[in-house]
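Data block below; observations after.
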Amino acid sequence: MNMRRPKLARDTAWLAASDGLAIILGLISQIILAKALLQSDYGLLVVILDAFATMYILIDAGLPTLLARDVPRHPGASRIAVQRVLKLQLCIALPFLVLSALVATSIWNEVELSLLVVCASIAFGQIMSYPHKAMLRAVGEARIESGLKLLERLLTTVFYWIFLTNGYNSPTIYACGFSIGVFISLIGTLCIGEWYSRSDDSNLPNDWKSNKSLVIAALPFAITLGVLPYVTKLQKFLLAGFSNYEDVGLYHVAQLAWVAGLMLPQAMRAALLPYLGEVRNSEHRFARRMSLAHHWTLAILPIGLVAGHTIVYFAIPQFFDAEYSSAIHIFDILLAGWAMTLLAIPWYVALQAGNNPWRFTLLITMIVVVSLIAGWLLIPEFGVMGAAWASLIGCCIMLSASKLLCGDEDFMTDGLAIVCVATCYFLSIESWLAAIGLITVIPAKNSIEILLAQRHSFEEE
């Protein structure tokens, strides 16, 4: 079987398409949960799932990121690499499983133990699928990874629908449906991942010579992953502490739409890491591939702003009950965060793929610290809207700090960021001044022209 190479446009298209479908199914799942559960039970389930995902993310240890970065240069060693990573992660998992059990039962001592166990199994199953998914992406098989991710969401949605039509209203039952989807997808990922992996050679970079050197090389990403979940989950935890689970549920509905929009930036980041990792030792080719990603983000920006607001404006009243209607205004603030995240992609991934990954660790730490301070100050005063502004502030730090750490002085992107924040603010207060967002069409048009004019040379890169 001929092995494919990572390609930015192709792999982004596959990942974005599957993520788009998965997001649609995910939204259907959340609508089902919102209808089936009390708002307090819905908020509780969200917080517990997020808590276990946050605790278990350290099992990742940054190792799948190394797979995505290094395997594109040594695809023949993909099987050796992914098996080593999986064994290491299983060893790392044992103390985290014990620790999470103690922490969860002490925090939620009045919650059914079965709900905690099932939520823990969901987070664990998802984490253990990451190595083979990263390996598939690294050998140019993002299409396979896409299908496997979609399978999990499809199965989960089907089970949710079955439970709803049968009148179940227990969060534990719905968590069980989620866990079945996760583990069927995990089994498929392990089997298909092994099929597509290769052991034609054993040559890997020096970082892979021993388990010790491998863990040390992954340490910047491991530390980063320890704080990365807080980028999206921190405000919900703060709301749970300063307010109540009803506000968590309201914010979560707005964030669902935001996360749906993030599927494209996330897909592009996932595809860009092996694409940049393949040429990380060639400064010229690295810069050209960053330029390609930059032009794609500019081309997508105005489409996302317009489509995001329009879809959410009509979708939330249509699919959610009246108590969630204010989620539209919350989403409009988060939409500016989506724009910051999109614009930050080239520099964000360059820090991951570059020769000093500790800068990436510093970036994520800065985002979380600033988001924490902002949420701590804003949420007690402004509630759910304060959480949205705190999230936006964190996204702004993502853009500005990633550029700073890369030594880039691209002022045009900074100007676009200001325009996007202003646009989304005026959208949130339903002002005609939101039309200033049309300015973003100008750089989008220029980038599309550049991409079309240089598409052949970019493909060669």
Evaluate Arg288 against Leu292 for side chain to side chain contact (heavy atoms under 4.5 Å, CB included), listing each step before the verdict. CA-CA 6 Å; Arg288 279 183 58 79; Leu292 171 63; over 6 Å; no

Give the minimum heavy-atom separation between Gly181 and Thr156, together with the two atoms involved. CA-OG1, 4.0 Å

Checking the side chain of Ser291 only, and the main-chain atoms of Ala287 only, is there a donor and an acceptor separated by less than 3.5 Å? no

Are the side chains of Phe124 and Leu97 in touch, meaning some heavy atoms are under 4.5 Å apart? yes

In the structure I gave you, are the side-chain heavy atoms of Met135 and Arg79 within less than 4.5 Å of one another anywhere? no

For Phe360 and Tyr348, take the angle between the two ring planes, folded into 0 to 90°, and tell me which bin it lands in: parallel under 30, tilted 30 to 60, perpendicular over 60. perpendicular

If you compare all heavy atoms of Ala374 against all heavy atoms of Ile393, which two are closest, and at what distance to 0.1 Å? CB-CD1, 3.9 Å

Please evaluate residues Leu45 and Tyr42 with respect to the criterion side chain to side chain contact (heavy atoms under 4.5 Å, CB included), reporting the C-alpha separation (whole Å), side-chain torsions for both, the decisive distance (0.1 Å), and the verdict. CA-CA 5 Å; Leu45 180 60; Tyr42 179 49; 5.6 Å; no

Scan the side chains in residues 306-315 for donor-acceptor partners under 3.5 Å anywhere in the protein, sequence neighbours excluded, and list what turns up.
{"residue": "His309", "atom": "ND1", "partner": "Asp332", "partner atom": "OD1", "Å": "2.8"}
{"residue": "Thr310", "atom": "OG1", "partner": "Val306", "partner atom": "O", "Å": "2.8"}

Could you tell me which non-hydrogen atom of Ala387 sits nearest to which non-hydrogen atom of Leu239, and how far apart they are? CB-CD1, 4.0 Å

Quick one: are Met398 and Thr341 in side-chain contact, heavy atoms under 4.5 Å? yes

Short side-chain to backbone donor-acceptor contact, Thr157 and Ser29, under 3.5 Å: no

Report the distance from atom OG1 of Thr297 to atom CD1 of Ile345, rounding to the nearest 0.5 Å. 6.5 Å

Using 0.5 Å steps for rounding, measure from the CD1 atom of Ile397 to the OG1 atom of Thr365. 13.0 Å

Evaluate side chain to side chain contact (heavy atoms under 4.5 Å, CB included) for Ser391 paired with Tyr251, printing each intermediate quantity in order. CA-CA 11 Å; Ser391 179; Tyr251 182 79; 3.6 Å; yes

Working to the nearest 0.5 angstrom, can you tell me the gap between Leu335 CG and Leu305 CG? 5.5 Å

Given side chains that start at C-beta, do those of Thr413 and Trp347 come closer than 4.5 Å, heavy atoms only? yes

Evaluate the side-chain proximity of Thr423 to Thr440: yes if any heavy-atom separation is below 4.5 Å, no if none is. no

Rounded to the nearest 0.5 Å, how far does CG of Leu343 lie from SG of Cys395? 11.0 Å

Is there side-chain contact between Leu351 and Cys406, with at least one heavy-atom pair below 4.5 Å? yes

Closest non-hydrogen atoms of Gly375 and Pro380, given as atom of the first, atom of the second and distance, are O-CD, 3.7 Å

Could you measure the distance from the CD1 atom of Ile367 to the SG atom of Cys396? Nearest 0.5 Å is fine. 10.5 Å

Any sub-3.5 Å donor-acceptor pair from Ser371's side-chain atoms to Val368's backbone N or O? no

Any idea which heavy atoms bring Gln89 and Pro131 closest together, and the distance? OE1-CG, 3.0 Å

Worked verdict on Leu272 versus Gln352 for side chain to side chain contact (heavy atoms under 4.5 Å, CB included): CA-CA 10 Å; Leu272 187 59; Gln352 282 183 295; over 6 Å; no

Give a yes or no answer on whether the side chain of Ser447 reaches the backbone of Leu298 with a donor-acceptor pair at less than 3.5 Å. no

Tell me whether the count of non-hydrogen atoms from other residues, nucleotides or ligands lying under 6.0 Å of CZ in Arg359 goes above 12. no

If I compare all heavy atoms of Leu301 with all of Ala339, which pair ends up nearest, and what's the gap? CD1-CB, 3.8 Å

Tyr425 atom OH: more than 12 heavy-atom contacts under 6.0 Å: no

Can you tell me how far the CZ atom of Arg153 sits from the OG atom of Ser18, to the nearest 0.5 Å? 12.0 Å

Excluding sequence neighbours, so at least two apart, what forms side-chain hydrogen bond (donor to acceptor under 3.5 Å, both in side chains) with His294? none

State whether Arg143 and Glu141 are salt-bridged, where the test is any N-O pair (Lys NZ or Arg NE/NH1/NH2 against Asp/Glu carboxylate O) under 4.0 Å. yes

Is Arg84 close to Leu88 at the side-chain level, that is, under 4.5 Å between some pair of heavy atoms? no

Would you mind reporting whether Thr189 and Met128 have side-chain heavy atoms less than 4.5 Å apart? no

